[in-house]
Structures are given as structure tokens and as C-alpha cells.
Amino acid sequence: MTADSRVELPPQYQPAEVEGRRYEEWVARGLFVADASAPGPAYSIVIPPPNVTGSLHMGHALDHTQMDALIRRRRMQGYVTLWLPGMDHAGIATQNVVERELAKEGQSRHDLGREAFVKRVWQWKAESGGKILGQMRRLGDSVDWSRERFTMDEGLSRAVQTIFKRLFDDDLIYRAERIINWCPRCHTALSDIEVDHTDVEGELVSIRYGGGDDAVVVATTRAETMLGDTAVAVHPDDQRYAHLAGREIELPLSGRRIPVVADPHVDPEFGTGAVKVTPAHDPNDFEIGRRHGLPSLTILDERGIVTAPGPFAGLDRFEARPAVVAALREQGRIVAETRPYLHAVGHCSRCGTIVEPRLSLQWFVKVEPLAKAAGDAVRDGRVRIHPPELAARYFAWVDDMHDWCISRQLWWGHRIPVWYGPGGEVVCVGPGEEPPAGAGWQQDGDVLDTWFSSALWPFSTLGWPDDTADLRRFYPTSVLVTGYDILFFWVARMMMFGLYAMRDAGPAEAVPFRVVALHGLVRDQFGRKMSKSRGNTVDPLDWISRFGADATRFTLARGASPGGDVAVGEEWVTGARNFCNKLWNATRFALLNGARVAAAPPDRDALTAADRWILSRLAAVTAEVDDYFERFEFSKLCEVLYHFAWDEVCDWYLELAKTSLAAPQAADRTREVLGYLFDRLLRLLHPVIPFVTDDLWTALTGEDTIMTAPWPGQDEAGRSTPGDWRDPAAEAELSSLMRLVTEVRRFRSDQGLRPGQRVPAVLAGIAATPLGAHEHSIRSLLRLDEPGAEFAATASLQAEGITVELGPAAVDVTAERRRLEKDLAAARKEAEQTERKLASEAFLAKAPASVVTDTRGRLAAARAGIERVSGRLAALGVSSAGSSSRDGKESG
RNA sequence: GGGCGCAUAGCUCAGGGGUAGAGCACUCGCCUUACAAGCGAGGGGUCACUGGUUCGAACCCAGUUGCGCCCACCA
């Protein structure tokens, strides 16, 4: 087949013209769809479900690039692969979005009522939700769209109900009155992980309680809570307050009398050693209150407004605070001046409002037994965390987990399947069961924490609780790819629920995934966290539009070491775009020169050293890439492929190929090697940069798609590519060639010779070296002509045992001398260092023989270098006299 | 308050007991017929500091300093 019969490729890669079309082709041909009944090993990944409200950001792009690369490689390896997409209903986030929309219409959800509001949210989801799914297509995600799931789907809701019922029956879910994190803006309880602690500059106020002998000073940053104080606590051993313990003192402002209790929780070293106790509004105080049977006095409502009777009633908590302080000051109750105080305060992770600890009746998961199992699965190796260093964080979380508050005072989410009877009966209703009928029965009004359904994701998406073919085939999933930032709250919970729900499968098969592969955060080009407030965020879609999906993916993959953060900037993606273009042009070169992919690998006996060298390197690179894939070393595998493709294939092999393509008897063989080489190279790159590789590969081979081409590593004949193709002799020979060419190029550059200028030269002694066979190539790479009849050398240099004598051209004696003097100094330094080393008896006695040999070799090389360079310097002095005016500089 | 990690070129980072690396940036020269989104040749580092182990330390150990991150119910 000849070049003209093939697709003409433009000289620059235009991602926009390729990507959309290819993606739709892949989908249309069903290449992403997993066939659960197909033979062969299975490989599955469930996508960390993005929020319906979300759009694609760099974090997703990183996540998805890694998952897609893993999936694509396995698919090429012949696994039955499933990458399952879907979305999370994102309770609070979504409800907030729709409530804001309603607010614009001057309405609240209460105006609509529950049923209409939920309907409205579904409507919102249908119209504006899930933008991210379309954006995933732009990235090239090879997800199985036929299996797309949503946490509020009928099936997944049934899974939620089922597991709730089981947990309830196993006494692992309970309802209790506890201090929980309350968001006064969202009007709902929050779990610990939905609270972000940030330092806030507060004011520490010291207040004198009681009077006369009873006086005791307490400090607080939340003065308004004193309205709900029901005690003062001191440490039992604190002599300063021994006389007060058990007595009652006067609480300022209200005039109530409250007891002084002795409790070991109090730190006598901190502040005055006395603490005000507000059981209804502080978790510690709640515990103290429980221990001493203190009443809990709620003084704030769900909006954070004071309800305690008196002058402060109706004030917001932040208005009440200074008001209370002012009133105390008036009464002379403020001791000393208030002072600024930096302390960590909890904020609602959804809206940023300061969280209010609040006593209320909520549902909890008893996590202790579940968390223990989740920890054990990692401890005994059923689940591997990668990189292993991060397992410590996992254990820290799992081994010290508080009970999980799962009820939310929201309308959007899975409603708690519990009914309360007129006589206080509590009935948990499982799926398919009829709720109790009759007067007075009512369902719990709350919904479940969004993370409750997310925790079921690895099996609820596969059909659990039914025994489906998908569940049997694809559970446990092969790997979970996510950022270390959500290792705890999501990963740990999937582990707990997976092990619990799937326990019948046996300990090894109940785990939700076999490996957790963690990556870091995407940062900006200066390594700073991306944030909207800093204005340094980058939109992946913008990059995809301007540089292509492949360039975007390659940038992220290339920066991603396991567990490490990725710094990206426009320079990076430009480089990746350039790389794609380089591949484009290299393949284009191969095509223009009639490269062809033969059914069988090239006949080794017919190959030149250059061919054997590049195929040997290809084999080495193939093995490395395979290994890096197994270890999630995306950065390294990209690096290896980048350098192989660019430095070795393009800069050397293609240049060498130009010579052999020009020789009629060698051209066919070279075309064959080029075909083989690019076929393999493109396949190796496909998982990371799917679009450009598919486009080029189909042009090269005439096949439909690279997606189903076998992964290299073993060729069609069952021959292992590494091993068979490795050729150390060819590698050494070509290394020698490259050193020679580089050395002469350096000389030419120093001489100011233009790269294209042809110079007559003699390569004296080349025939006696292994490079003899390459003389033609070497001359071509270096633009050296055969010497004419009247050849007269004006300069010479030695390298690789060859004396290169250059004809009239070389001239810049000063530059050459400077260069040689520098080389001489370096060689002398090296010689000195190695000599000193070899003079040490301790070194000779204790260092391994290989190191000693190596050092001797270095010394010999350095000495030879000194001699050679000295010789050149001397020769320079002689030959420079006569020939300094004919040179390559006349043009510049 | 507890735990973990990091300090290597101008920037972002890899490496890891035996010759200091990459990308980008920088300098010089080139439109050499796949590619100027390119080609060739260069410059640039006390591997944070102080000690220790070792024939040998950027690497291992201890301490110091600086910087991150995670967890956390001390008012």
C-alpha cells in the first residue's frame, strides 16, 4: 500500500475535529457497554458519583482520567470491563439550589408543601441537573451509559430501605436525643464530617458568677449561652473551689441558682479552672450534665434565635452575645477586660454558616462494630490502600469514629422508613411492606444523610439487594479511585456498609473494592490550592476546548504520582498539546513514507542495528509502562512514553529512518518497522490520550478502532515482546552512534556552522568500529559530505575511536579553545576525584567490587579524555594558523 | 491539642548509600523537505541547617528551623 491511498492528514492536530465525532462513534458501537455474560476476567470501577448540582472541575478531570486509563487498558487486555457512571442526589446542596430558585419567585418550600416541593426538585433535576454527564463525554470517559444510576432511582432507594431495615433489626440504628451539629441556615442536623473547623477570632469574656464567698469566675466565647447554664463545674481535686462544690450559686442576669459540680472533665490549668455548663448547647456540657443529672435548658430555636424569656428573647445568637456582655458589664459582672481569642469554630460545609450545637432527637448509626470490620479489612489485606502511607489516616478515622447522625430535617432525599403509632409505637418498614394503617400513624418526616445512600454505591448500582448477574460479575469492584481528601467520609462508609450488606459473600468477597487508589489535589502552577476566592481555578472544559481532551488528560496524568498533588498551569497543558501534535506529525511522517502494519512482526534477521535498537527500547518501555500501570504510577508511565516517543523515536529513529527510506533495498524493511513501532506506541498511549491515538491508529492500520486492539506486552503470536526484542548489543551500538553525532554537532555548533551547511569530512578509522555500518546515516545526520579530491582538513576531533576531520569550514578558534578548556577542566576534576577514591585503602577493602571496577573505569575514561582534549588543544594551535578566514560565518 | 508529610535548578516536581535528573522558563544558532505546537547546541543546584552512622550520605539516624495537610467537643 502506498502513501497516496491513505487518509491525508493535515500538518497540525486539530482535536476539535476529532474528539466529538470519535466519542459518539465509540458510544454508537457499544464499545463501553459491559457484557456480564461474556467470558473472561472482569474488571470494574464505579464512579464516585458527582452531585447532580455539580459541574466538571479539575478534581473530577484528574479522577476520571485515571479511571478511564485503567479501564481502557484492561479492556484492551481482554477483561470484561465495566465503568459505571451515575450521580448523587446531594440532599442539602440540591435542596438549597431549588430553594434559592423559589426564593426568586418569592416563595419558600413551605409555601409549596412537601410533595410539591419534591416534585419541583425532580423537575429541576430533569431540566438543569446532571450537566456534568455531558461534560464527562468531552473528557472521553468510556463509561457504560446503559448502566447509569442515580442515588434516588427506584432500585437504589429500595437498597437504602433494605439496609436501613436490616440495621434497625440488628440494633445498629437507634434514635436518641443528643447534641448534634445544627445548621441554623439549612435548618438541619449535620454529621461531623459536614462540619468544617476553621479558626475564628473570638472574644473570651470572663464573668463572675455568684457573689461574696460564692464568687467564681468563668470564661466563655459564647456569652449568650449562659442563659441556658444549669451549673458551674470545677475539677474534683481543685482545692481553690473545694468549698463550693455541692453548693448553689447565683447565675447572673436570670438570678437562677445553679449548682457547682465537681467533674474530672474540667482542666484546672485552663483559665480559672471553673467552667459554665450549658447542657443543651455544648457537647461537653451535655456529657457533664448527664453525669450529674442536670437539666438541659434550650435557649435557642432552630434559627439560632434566643427563646429564653427576658430582655434577650427574639435576638439572633450573634446579636444576643454583645447584648448579654453589655448587660453583664452594667452589673459589674465582667472581670478584667475581654480579650481576643483565636479558636476553631465549626461551619456548615454546605453554606458556611457557623454551626450551633443543639440538643435534638435524631437517628444514629452505631458505627463501632461496622467500623471495626472496615478497619480489619484493610489491616488483613483484603483491601489495599495505595499508596500505603495513607492507610494510617484511614485507621485513625475508622478506629475512632463517633456514632453517625443520619437524619436530616430536609425534604429532598430518602425518607426515613419509620412510622410512629398513636401510642408511641415505632415500626421500621422494609421494602415491599405495607406501612401500618389506622389513625394516628405517621411516617418520620426526616430524610437520610446523602452519604447514607452514597455508602451503598458499589453494590446498590449493581442491583443489590437482588441477586443480579451484574452483582455476581462485578462485585467486589476492582479499584476505587478518589482523592485522599474524601478517603474518610466516603471510603470508610462504603467499607462499613459493603462488608455489612454483602457479608453472605464471605469475608474476601464482601469488600466493596480490592484496591483504593488515592490521588491528591489539583493545584495551580505555583502549587497553591485552587479556590474560587483566590481566583486561580482552571476550568477543564476551557482547556478541552482550547488544547483538546487528550492534552488535558495527559497534563493531569503526567502530574499525578500516587497520593501526590498535581500542579498544573497553562505551560503544562501547552506542552501536552505539543506532545499530541508531535505524535500526530510523527505518525504522519510514517504514513507519508508508506509505513505498513504487517500481520506478523518484522523478521529479526533482516533488521539493522537501528531497527533492533528501537524495537529493543520499545520492549523495555512496554514492560515499564505495564509495571507503572499496576502501581498507579501515572506520572511515570506518561514520562516514560513521552521521552521514548519524543527523544528516541522522533529525534533519532525517524531521522535514521530517513536514510534507510531513501535506499531502495532498505525502504521496505523500514516501512515495516515503522508500522510495527507506531502500532505499538499508539496502543501504549491510548489509555491516557484516547482520541488522537484512535485517529492515528485507524489511519495507520485501516482498522475501525484502537479501543479493542490488544494491549501490547504480548503479541498476537503469543510472543512476549519484552524479552524477545531486547537487544543490549544494538542498544550499545546506537548509544555509541548518538554520542558521536552529539559530539560532532556540539563542535559544529561551537564553530558557528549553520545546521544545514554541508561540510566535507573524513571519518578516519570508522570502518574498524561498530559504527562502520552506519557511516551513511552518520554523514546524513551531520550533513557531512564525502571529501573531494582536494580535501584538506582544517579541524579534527576524536570520539568513539573515530577521528573526524572536517574540511574547510571550521574556524572559530576561540570558541573551540574555550570549549576544550572547559572539557579539560571537567576531565581533570573527575580524574582527581576518582584517583583520590582509589587511593583509599578503606574504599578498596570495603566497597563492592562492581563499584571499584566502575570507579577504575571512570578514572581511565577521564585520563583518556584529558589526553584527547589536550591533543585537540595542541592541534588547534597548529592548524588554526593557516585557515581562519574560510568559515561558516560569512552568513551571520 | 494529637497525627502525618514536605524542604533537590528561576517555577512545578521526580529520584534515592557509589558520575545530581525531568518539564517549563532562560542563552546561542537554525524555516535542515513529519512537525516553528519544530530542530540543534548550551548555562544553571553546598539536594534547608547541625550533628551521627559509613570506605563513601542529597539519600539512613537524631536534633533544629521553615512550610503544608489531616484529625480534634478545652470553656
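Chain identifiers are assigned alphabetically (A, B, ...) following the order of the sequence lines, protein sequences preceding nucleic acid strands; residue numbering begins at 1 within each chain.
In this model, the phosphate group of B:A34 is approached by a side-chain N or O of A:Lys658 to a distance below 4.0 Å at OP1 or OP2. Residue A:Lys582 has a polar side-chain atom (N or O) positioned under 4.0 Å from OP1 or OP2 of B:C39. One finds a side-chain N or O of A:Arg746 lying less than 4.0 angstrom from the OP1 or OP2 phosphate oxygen of B:G42. Applying the 4.0 Å criterion to OP1 and OP2 of B:G38, one finds that A:Asn578 has a side-chain N or O inside that range. Taking side-chain N and O atoms only, A:Trp646 has a distance below 4.0 Å to OP1 or OP2 of B:C39.
Closest to the side chain of A:Pro755, from the set B:A41, B:G18, B:U32, is B:U32. Comparing B:G23, B:A75, B:G18 by their nearest atom to the side chain of A:His643 picks out B:G23.
A:Asp282 comes within contact range of no nucleotide atom at all, as no heavy-atom separation falls under 4.0 Å. Counting non-hydrogen atoms under 4.0 angstrom, A:Ala392 reaches nothing in the nucleic acid. Within 4.0 Å of A:Pro357, counting heavy atoms only, lies no atom of the nucleic acid at all. Nucleic acid contact for A:Asp400: none, since no nucleic acid atom lies under 4.0 Å from a heavy atom of the residue. Within 4.0 Å of A:Arg558, counting heavy atoms only, lie sugar-phosphate atoms of the nucleic acid but no base atom. Residue contacts shown for A:Glu655 include a base, since a base heavy atom lies under 4.0 Å away. Among the heavy atoms of the strands lying under 4.0 Å from A:Cys650 is at least one base atom, whether or not backbone atoms are also near. No engagement by A:Leu844 is indicated, since no non-hydrogen atom pair under 4.0 Å with the nucleic acid exists.
A donor-acceptor contact closer than 3.5 angstrom is absent between the side chains of A:Tyr13 and A:Asn585. No hydrogens or angles considered: nothing links the side chains of A:Lys658 and A:Ser777 as a donor-acceptor pair under 3.5 Å.
Only the C1' atoms considered, B:C13 is 33 Å distant from B:C55, to the nearest whole Å. Nucleotides B:U8 and B:C67 place their C1' atoms 16 Å apart, quoted to the nearest Å. Spacing between B:C31 and B:C26 at atom C1', rounded to whole Å, works out to 23 Å.
Between A:Thr670 and A:Asn593 the shortest side-chain heavy-atom distance does not fall below 4.5 Å. Within the 4.5 Å cutoff, the side chain of A:Val688 has heavy atoms near those of the A:Cys638 side chain. You'll find the side chain of A:Val277 stays beyond 4.5 Å of the side chain of A:Asp282, heavy atoms only.
Ring geometry for A:Trp646 versus A:Phe579: interplanar angle under 30°, hence parallel rather than tilted (30 to 60°).
Comparing A:Asn581 and A:Lys837 against RNA chain B, the residue whose closest nucleotide sits nearer the 5' end is A:Lys837.
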Hey, what are the protein-to-nucleotides 10-14 of chain B N/O distances that come in under 3.5 Å?
{"from": "B:U12", "atom 1": "OP1", "to": "A:Phe526", "atom 2": "O", "distance (Å)": "3.2"}

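Judged by atom type and distance alone, A:Arg577 reaches the base of B:A37 through a side-chain donor-acceptor pair under 3.5 Å. No donor-acceptor contact under 3.5 Å links the side chain of A:Glu639 to the base of B:A22.
The residues A:Asp750 and A:Arg817 are annotated as not salt-bridged, no charged nitrogen and carboxylate oxygen being separated by less than 4.0 angstrom. With respect to A:Arg291 and A:Asp263, a salt bridge is recorded, a charged nitrogen being found less than 4.0 Å from a carboxylate O.
At least one cation-pi condition fails for A:Arg178 and A:Phe286: the charged atom is not both under 6.0 angstrom from the six-membered ring centre and inside a 45 degree cone around its axis. A cation-pi arrangement, defined by a distance under 6.0 Å to the six-membered ring centre and an angle within 45 degrees of its axis, is present between A:Arg493 and A:Trp404.
Taking CD1 of A:Ile179 as the reference point, atom CD of A:Glu356 lies at 9.5 Å (rounded to 0.5 Å).
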Any chance you could encode RNA chain B as dot-bracket? Rule is Watson-Crick or G-U wobble with both distances under 3.5 Å; [ ] for pairs crossing earlier ones, | for another strand. ((((((((.[[[[.)..(..]]]].(((((.......))))).....[[[[[..)....]]]]])))))))....
